[in-house]
Amino acid sequence: MHTFENPGHRVFVLMTSGSLSCSQSMMALLRQDFEQGIGLASCETMYDAARVVGEKVRRVAELDRDALEQDQYRFNVHTVLAGQIRGQPHDLYLIYPQGNPLRASEESPYLQIGECKYGRPILDRGVRYERTTLEDAALYALISLDSTMRSNVTVGPPIDLLIYSRDELQLRRRRRFSERDPDLAAIHDQWEQALQQAVQELPGIRFDPDS
């Protein structure tokens, strides 16, 4: 998780998956421009911000793609961009390795990158547009990650969590969960127990009668 913040004016949160070296190069270019007052520091809308990120993805591809693919490595950088610019609505985008953005919508109120197949069913069943609170959404996200970690040993802590409320224009609520974090352990245990209890309370299966 990477943050770009000018309190009271604009905030951006970016998350990446794929090639770590390419992601680091992209973030270095974005940070360099931000500190010079250009790029994310001067764009007027969140769509423009998504395009700024996409341009840096393509720039890194120009620098590194040929060398990577020559050694059979696929250029792979997926980015989630969230945030708000003062006077504009908050928004959420996914930027593909080609640099093109996809915006979250009422039909798709959340976006995922990385290892997502194990945790997606929980989000699909729980998250509802304009009905799920940010606090509940954060719990669904942690449960989704917990399910992913249970099924894929390559996924694990630390977990960075950040909640941003519309028009705050400041990053106030963030948390990093370590491997032995007691709150993360409590969520894991209670979720597992609640799931087992829910299965016990389901109606029994009625099988077809013998023919």
Side-chain angles (χ1 to χ4, degrees), residues 1-117 119-120 123 127 129 137 141 144-145 155 160-171 174:
M1 180 183 289
H2 307 265
T3 61
F4 296 77
E5 183 178 10
N6 184 353
H9 295 275
R10 59 186 60 215
V11 293
F12 302 104
V13 180
L14 292 95
M15 295 178 289
T16 63
S17 70
S19 169
L20 181 58
S21 64
C22 293
S23 297
Q24 288 178 342
S25 294
M26 179 189 69
M27 287 300 165
L29 294 173
L30 288 170
R31 186 74 62 188
Q32 184 179 57
D33 284 355
F34 193 80
E35 292 172 354
Q36 294 175 0
I38 58 177
L40 291 178
S42 62
C43 55
E44 297 183 356
T45 68
M46 283 299 297
Y47 176 76
D48 294 338
R51 282 296 181 186
V52 166
V53 175
E55 289 170 4
K56 296 307 181 187
V57 172
R58 285 193 288 268
R59 176 58 180 150
V60 173
E62 291 174 2
L63 293 171
D64 297 330
R65 184 190 295 274
D66 289 345
L68 288 170
E69 294 182 350
Q70 182 177 343
D71 288 334
Q72 309 303 312
Y73 289 100
R74 184 166 59 94
F75 180 81
N76 178 26
V77 177
H78 287 78
T79 308
V80 168
L81 167 70
Q84 187 176 13
I85 299 168
R86 187 171 64 183
Q88 296 290 324
H90 61 302
D91 223 331
L92 176 67
Y93 284 90
L94 186 154
I95 295 93
Y96 290 100
Q98 295 77 18
N100 55 309
L102 170 71
R103 182 175 179 268
S105 65
E106 182 174 347
E107 292 76 22
S108 301
Y110 71 87
L111 298 171
Q112 284 181 285
I113 54 176
E115 177 58 271
C116 58
K117 60 180 177 291
R120 184 182 180 94
L123 300 177
V127 177
Y129 182 79
S144 174
L145 280 169
V155 179
D160 288 322
L161 174 69
L162 187 150
I163 295 179
Y164 174 78
S165 296
R166 179 180 56 197
D167 296 330
E168 283 185 335
L169 293 172
Q170 188 173 345
L171 301 177
R174 59 192 309 170

Roughly how far, to the nearest 0.5 Å, is [atom2] of [Y] from [atom1] of [X]?
X      : Y      : atom1 : atom2 : answer
Leu68  : Cys22  : CG    : SG    : 5.0 Å
Leu94  : Met15  : CG    : CE    : 9.5 Å
Tyr110 : Arg120 : OH    : CZ    : 3.5 Å
Tyr129 : Glu107 : OH    : CD    : 9.0 Å
Ile95  : Arg58  : CD1   : CZ    : 10.5 Å

Atom CD of Glu62 with >12 non-hydrogen neighbours under 6.0 angstrom: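 It does: Glu62 CD has more than 12 such atoms within range.
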Pairs touching residues 87-102 that satisfy side chain to side chain donor-acceptor pair (under 3.5 Å), sequence neighbours left out: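 Qualifying pairs, neighbours excluded: Asp91-Arg103.
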Heavy-atom pair of closest approach, residues [X] and [Y]:
X      : Y      : result
Asn76  : Pro97  : OD1-CG, 4.1 Å
Cys116 : Gln112 : CB-NE2, 3.4 Å
Leu92  : Ala82  : CD1-CB, 3.7 Å
Gly119 : Ser144 : O-OG, 2.9 Å

Just so I know, are the side chains of [X] and [Y] near enough to count as touching, which here means a heavy-atom distance under 4.5 Å?
X      : Y      : answer
Phe12  : Met46  : yes
Gln24  : Thr16  : no
Val77  : Val60  : no
Leu102 : Ser108 : no
Ile113 : Thr79  : no

Worked check of side-chain contact (heavy atoms from CB on, under 4.5 Å) between Cys43 and Arg51: CA-CA 9 Å; Cys43 55; Arg51 282 296 181 186; over 6 Å; no
Worked verdict on Glu5 versus Gln170 for side-chain contact (heavy atoms from CB on, under 4.5 Å): CA-CA 7 Å; Glu5 183 178 10; Gln170 188 173 345; 3.5 Å; yes
Taking only distance into account, with no hydrogens and no angle test, what donor-acceptor pairs under 3.5 Å do side-chain atoms of residues 28-41 form with protein atoms, sequence neighbours excluded?
| from | atom 1 | to | atom 2 | distance (Å) |
| --- | --- | --- | --- | --- |
| Arg31 | NH1 | Thr3 | O | 2.9 |
| Arg31 | NH2 | Thr3 | O | 3.1 |
| Asp33 | OD2 | Lys56 | NZ | 2.7 |

Steps toward side-chain contact (heavy atoms from CB on, under 4.5 Å) verdict (Leu161, Met1): CA-CA 9 Å; Leu161 174 69; Met1 180 183 289; 5.9 Å; no
Chi angles and distances behind the side-chain contact (heavy atoms from CB on, under 4.5 Å) call for Leu169, Gln84: CA-CA 7 Å; Leu169 293 172; Gln84 187 176 13; 4.2 Å; yes
Worked check of salt bridge (Lys or Arg N to Asp or Glu O under 4.0 Å) between Glu168 and Arg166: CA-CA 6 Å; Glu168 283 185 335; Arg166 179 180 56 197; over 6 Å; no
